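First up is the structure itself, then whatever we jot down about it.
In this text the structure is predicted, and so the values were computed from the model without any measurement.
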Amino acid sequence: MRIRDILRRKGDAVVTVPPGSTVRELLAVLAEHNVGAVVVSADGATIAGIASERDVVRRMHEHGAALLDRPVSEIMTAEVRSCAPGDLVQDLRLTMTEHRFRHMPVVEDDRLAGIVSIGDVVKSAIDALESEREHLVDYIHNVQ
């Protein structure tokens with residue numbers, strides 16, 4: 001299974017915020033869209049970074065409530081790994097597990113083309129196992 005298969009099922013919409021947004025605004029966007037991370041982008045097409053709930057919590061511990069009025073660019077992860085639509089989901093699963101992150105932007109032709117979460121990856125694995133099970137059951141019934 002390829003990343004494009006996940007995007008075909010879930011869609012390619014990506015929630016973004018500009019780097020100058022405040023952390024308070026970031027939290028509102030995360031809550032409004034019920035997501036755990038957003039891509040930080042000045043134009044909605046290029047990636048400046050990624051900001052997650054985890055980033056907020058870790059920085060809040062250091063800076064307290066004053067963090068809420070600081071720009072997202074101060075807390076985002078600036079070195080963002082990305083994948084392409086043609087990449088294998090299995091490879092993405094290994095990368096996410098090894099490097100302990102839960103969201104990866106999908107980039108095609110140097111433009112943001114989607115985002116995949118660890119939940120999307122797990123769902124694709126479950127779907128593949130269910131499909132394999134159904135094929136095996138059909139096979140067993142047809143052999144008898």
Test of understanding: with side-chain contact (heavy atoms from CB on, under 4.5 Å), list the residues that count as partners of Gln90, not counting sequence neighbours.
Arg93

Scanning both residues in full, the closest heavy-atom pair of Pro19 with Pro71 reads O-CB, 3.8 Å

Sorted by chain and residue number, the side-chain contact (heavy atoms from CB on, under 4.5 Å) partners of Arg100 (sequence neighbours excluded) come out as none

Interatomic spacing from CG in Asp87 to OG1 in Thr95 - rounded to 0.5 Å:
8.5 Å

Tell me who clusters with Ile75, hydrophobic residues only, linked when side chains sit under 4.5 Å apart either directly or through other members.
Val15, Val17, Val23, Leu26, Leu27, Val29, Leu30, Val35, Val38, Val40, Val56, Met60, Leu67, Leu68, Val72, Met76

Connecting only ILVMFWY residues whose side-chain heavy atoms lie within less than 4.5 Å of each other, what is the rest of Leu94's hydrophobic cluster?
none

What pair of heavy atoms forms the shortest contact from Thr16 to Gly44, and how long is it?
OG1-CA, 4.2 Å

Using the test side chain to side chain donor-acceptor pair (under 3.5 Å), find all partners of Asp5 that sit at least two apart in sequence or belong to another chain.
Arg8

Taking only residues two or more places apart in sequence or in another chain, which ones pass salt bridge (Lys or Arg N to Asp or Glu O under 4.0 Å) with Glu130?
Arg133

Compare all side-chain heavy atoms of Arg2 with those of Leu88 and state whether any distance is below 4.5 angstrom.
yes

Identify every side-chain donor-acceptor pair in residues 103-118 under 3.5 Å, counting partners at least two apart or on other chains, and give the distances.
from, atom 1, to, atom 2, distance (Å)
Ser117, OG, Gly119, N, 3.3
Ser117, OG, Asp120, N, 3.2
Ser117, OG, Asp120, OD2, 3.2

Hydrophobic clusters here meaning ILVMFWY residues chained together by side-chain heavy-atom distances under 4.5 Å, can you tell me if Val14 and Val121 are in one?
no

Less than 4.5 Å apart, any side-chain heavy atom of Lys123 and any of Ile126?
no

side-chain hydrogen bond (donor to acceptor under 3.5 Å, both in side chains) pairs, two or more places apart, involving residues 56-74
Arg24-Asp69, His63-Arg70, Arg70-Glu74

Where at least one partner belongs to residues 27-56, residue pairs that pass side-chain hydrogen bond (donor to acceptor under 3.5 Å, both in side chains), sequence neighbours excluded:
Ser41-Asp43, Asp43-Thr46, Ser52-Asp55

Is it possible for you to say whether Ile50 and Met96 belong to one hydrophobic cluster, with membership spreading through side-chain heavy-atom contacts below 4.5 Å?
no

Tell me, please, which residues at least two apart from Thr97 pass side chain to side chain donor-acceptor pair (under 3.5 Å).
none

Taking every heavy atom of Ser124 against every heavy atom of Met1, the minimum-distance pair comes out as CB-SD, 3.4 Å

Does Arg81 have any side chain to side chain donor-acceptor pair (under 3.5 Å) partners at least two apart in sequence or in another chain, and if so, which?
His99

